[in-house]
There are 2 protein chains.
Amino acid sequence: MNISAASKAAGLPAKTVRYYADIGLVPAPARSESGYRSYDNASVRKLIFVRRAREFGFSISECRDLLGLYEDRRRSSADVKRIATARLEEIAKKQRELQSLHDELAHLVDACRGDDRPDCPIIDSLGNPRRGPRQAP
Amino acid sequence: MNISAASKAAGLPAKTVRYYADIGLVPAPARSESGYRSYDNASVRKLIFVRRAREFGFSISECRDLLGLYEDRRRSSADVKRIATARLEEIAKKQRELQSLHDELAHLVDACRGDDRPDCPIIDSLGNPRRGPRQAP
DNA sequence: ATAGTGTTTCCAGTTACTGGAAGGTCAAGC
DNA sequence: GCTTGACCTTCCAGTAACTGGAAACACTAT
């Protein structure tokens with residue numbers, strides 16, 4: 001399987017497939033006589049695994065860990081659960097931040113007449129710290 | 001006001017303050033005889049404006065636009081509202097994505113016993129596309 | 001005079017790719 | 001056998017928005 005077939009099967013751009021091998025996230029594939037990368041089903045399964053982990057928002061570094069666990073037939077499910085739970089916490093935190101951001105901005109958009117006059121509570125709020133969004137933590 | 005005083009007043013790292021002038025987001029400040037950057041209250045107000053817009057998640061490019069509107073005494077509030085509303089849409093979209101991600105991952109974490117046995121639905125799901133997260137759009 | 005802190009510029013690194021140029025390879029068609 | 005076009009290779013550069021660090025100059029206090 002050449003790179004474009006493998007990348008289609010994995011659902012990743014060919015560039016990304018090359019990149020993942022470059023950074024050592026997945027093993028470098030075998031090469032044909034002329035230097036073409038040659039993929040088998042096991043490589044594709046790993047690429048799919050990585051793609052899906054990335055879609056879940058795991059970082060490359062976390063994907064490295066997860067791939068290690070994926071390949072280790074003797075690891076405990078607790079190891080995996082620990083990483084996934086940490087990620088879940090991050091998602092929940094991001095959700096809370098987005099929620100308050102959304103509420104504040106929606107309030108401002110609501111208060112703005114949006115007509116051709118210059119008076120605008122959105123701009124006022126950005127310029128005036130007393131009525132803007134929370135400070136970053 | 002030297003850069004560290006200004007950066008404290010604006011709530012931004014000095015590095016970032018320099019960076020914002022380097023990329024032309026805010027005007028380059030005056031210099032002292034020895035070359036130190038010298039800030040006045042108007043500069044600090046602009047830096048605060050940018051910091052708060054960034055905290056709202058506006059990109060640097062959007063901050064550029066907003067700063068233009070901030071400085072234009074004759075712009076209509078509709079111009080501002082349009083940018084803010086677009087940003088609000090993005091936030092809402094991100095929220096929906098995070099929500100489904102959270103639900104799916106929470107479901108998996110819940111299903112994983114997290115003990116010392118290797119069997120783990122989280123890893124299984126990553127390896128098996130039929131029970132993983134949605135495809136990216 | 002010296003120590004310590006503040007400031008300057010510049011270069012490099014971060015994350016996770018993505019775009020593009022220059023050139024080699026392969027299969028089909030004539 | 002030759003050309004065309006698709007596919008493949010490497011390498012370099014750029015993205016967003018900073019952040020870290022080195023080397024050197026400035027200011028203040030003792």
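To find a chain, count down the sequence lines: A is the first, B the second, and so on, and within it residues start at 1.
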Peer 1: So, OP1 or OP2 of dC25(D): does either fall under 4.0 Å of a side-chain N or O from Tyr36(B)?
Peer 2: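 Answer is no, no contact under 4.0 Å.
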
Peer 1: Are Glu90(A) and Lys93(A) close enough, and set up right, to give a salt bridge (Lys or Arg N to Asp or Glu O under 4.0 Å), and what steps lead you there?
Peer 2: CA-CA 5 Å; Glu90(A) 287 165 28; Lys93(A) 180 164 172 242; over 6 Å; no

Peer 1: Checking all strands, does Ile3(A) fall into the base, sugar-phosphate, or nothing category for heavy-atom contacts under 4.0 angstrom?
Peer 2: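 If one applies the 4.0 Å heavy-atom cut-off, Ile3(A) turns out to touch the sugar-phosphate alone, with no base involved.
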
Peer 1: Report yes if at least one side-chain N or O of Arg54(A) is closer than 4.0 Å to OP1 or OP2 of dC17(C); otherwise report no.
Peer 2: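 For Arg54(A), the contact criterion (side-chain N or O under 4.0 Å from OP1 or OP2 of dC17(C)) is met.
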
Peer 1: Report the distance from atom CG of Asp22(A) to atom C1' of dA16(C), rounded to the nearest whole Å.
Peer 2: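 That distance rounds to 13 Å.
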
Peer 1: List, with names and distances, any nitrogen or oxygen atoms from the protein found under 3.5 Å away from nitrogen or oxygen atoms belonging to nucleotides 11-15 of chain D.
Peer 2:
none

Peer 1: What contact category does Arg18(B) fall into here, base, sugar-phosphate, or nothing, at under 4.0 angstrom with non-hydrogen atoms?
Peer 2: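 The residue Arg18(B) makes base contact.
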
Peer 1: Roughly how many Å is it from CE in Met1(A) to C1' in dC7(D), rounded to a whole number?
Peer 2: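 Answer to the nearest Å: 16 Å.
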
Peer 1: Can you find a side-chain donor-acceptor pair between Ser34(A) and Ser32(A) that sits under 3.5 Å?
Peer 2: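 Result is yes, a qualifying pair exists.
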
Peer 1: Does a side-chain N or O of Thr16(B) approach OP1 or OP2 of dA17(D) to a distance below 4.0 Å, or not?
Peer 2: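 For dA17(D), OP1/OP2 do not have a side-chain N/O of Thr16(B) under 4.0 Å.
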
Peer 1: Can you list the steps and then say if Gln95(B) with Gln95(A) is a side chain to side chain donor-acceptor pair (under 3.5 Å)?
Peer 2: CA-CA 7 Å; Gln95(B) 277 184 310; Gln95(A) 277 184 310; over 6 Å; no

Peer 1: Return yes if some donor-acceptor pair links the side-chain N/O of Arg51(A) with the main-chain N/O of Ala10(A) below 3.5 Å, else return no.
Peer 2: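 Between the backbone of Ala10(A) and the side chain of Arg51(A) there is a qualifying donor-acceptor contact (under 3.5 Å).
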
Peer 1: Starting at atom CZ of Arg31(B), determine the distance to atom C1' of dA26(D), rounded to an integer number of angstrom.
Peer 2: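 The answer, rounded to whole Å, is 14 Å.
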
Peer 1: Is there a path from Leu67(A) to Leu69(A) through hydrophobic residues (I, L, V, M, F, W, Y) whose side chains come within less than 4.5 Å of each other?
Peer 2: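 Same hydrophobic cluster.
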
Peer 1: Taking atom C1' of dA17(D) as reference, at what distance in whole Å does atom CD of Glu62(B) sit?
Peer 2: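 Answer to the nearest Å: 14 Å.
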
Peer 1: Which comes earlier along DNA chain C counting from the 5' end, the contact point of Lys8(B) or that of Pro13(A), where each point is its nearest nucleotide?
Peer 2: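 On the 5' side of the pair lies Lys8(B).
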
Peer 1: Whole angstrom is fine here: how far is it from CZ in Phe58(B) over to C1' in dA17(D)?
Peer 2: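 Going from CZ in Phe58(B) over to C1' in dA17(D) covers 17 Å.
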
Peer 1: Identify, between Ser34(B) and Gly35(A), the residue whose nearest nucleotide on DNA chain D lies closer to the 5' end.
Peer 2: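 Counting from the 5' end, the first nearest nucleotide belongs to Gly35(A).
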
Peer 1: Can you check the Arg37(B) CZ to dG6(C) P distance for me, whole Å?
Peer 2: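 Between P of dG6(C) and CZ of Arg37(B): 16 Å.
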
Peer 1: Any base atoms under 4.0 Å from Ser59(B), or only sugar-phosphate, or nothing? Heavy atoms, all strands.
Peer 2: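 Contact class for Ser59(B): sugar-phosphate only.
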
Peer 1: Cut-off 3.5 Å, side chains only: do Ser76(A) and Asp115(B) have a donor facing an acceptor?
Peer 2: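 Absent: no donor and acceptor within the cut-off.
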
Peer 1: Measure from CD on Glu33(B) to P on dG6(C) and round the result to the nearest Å.
Peer 2: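 About 22 Å, once rounded to whole Å.
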
Peer 1: When the nearest nucleotide of DNA chain C is assigned to Asn2(B) and to Ile60(A) on a heavy-atom basis, which residue is associated with the more 5' position?
Peer 2: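 Whichever sits nearer the 5' end wins; that is Asn2(B).
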
Peer 1: Could you go through the salt bridge (Lys or Arg N to Asp or Glu O under 4.0 Å) check for Arg117(B) and Asp119(B) one step at a time?
Peer 2: CA-CA 6 Å; Arg117(B) 279 170 294 183; Asp119(B) 181 51; over 6 Å; no

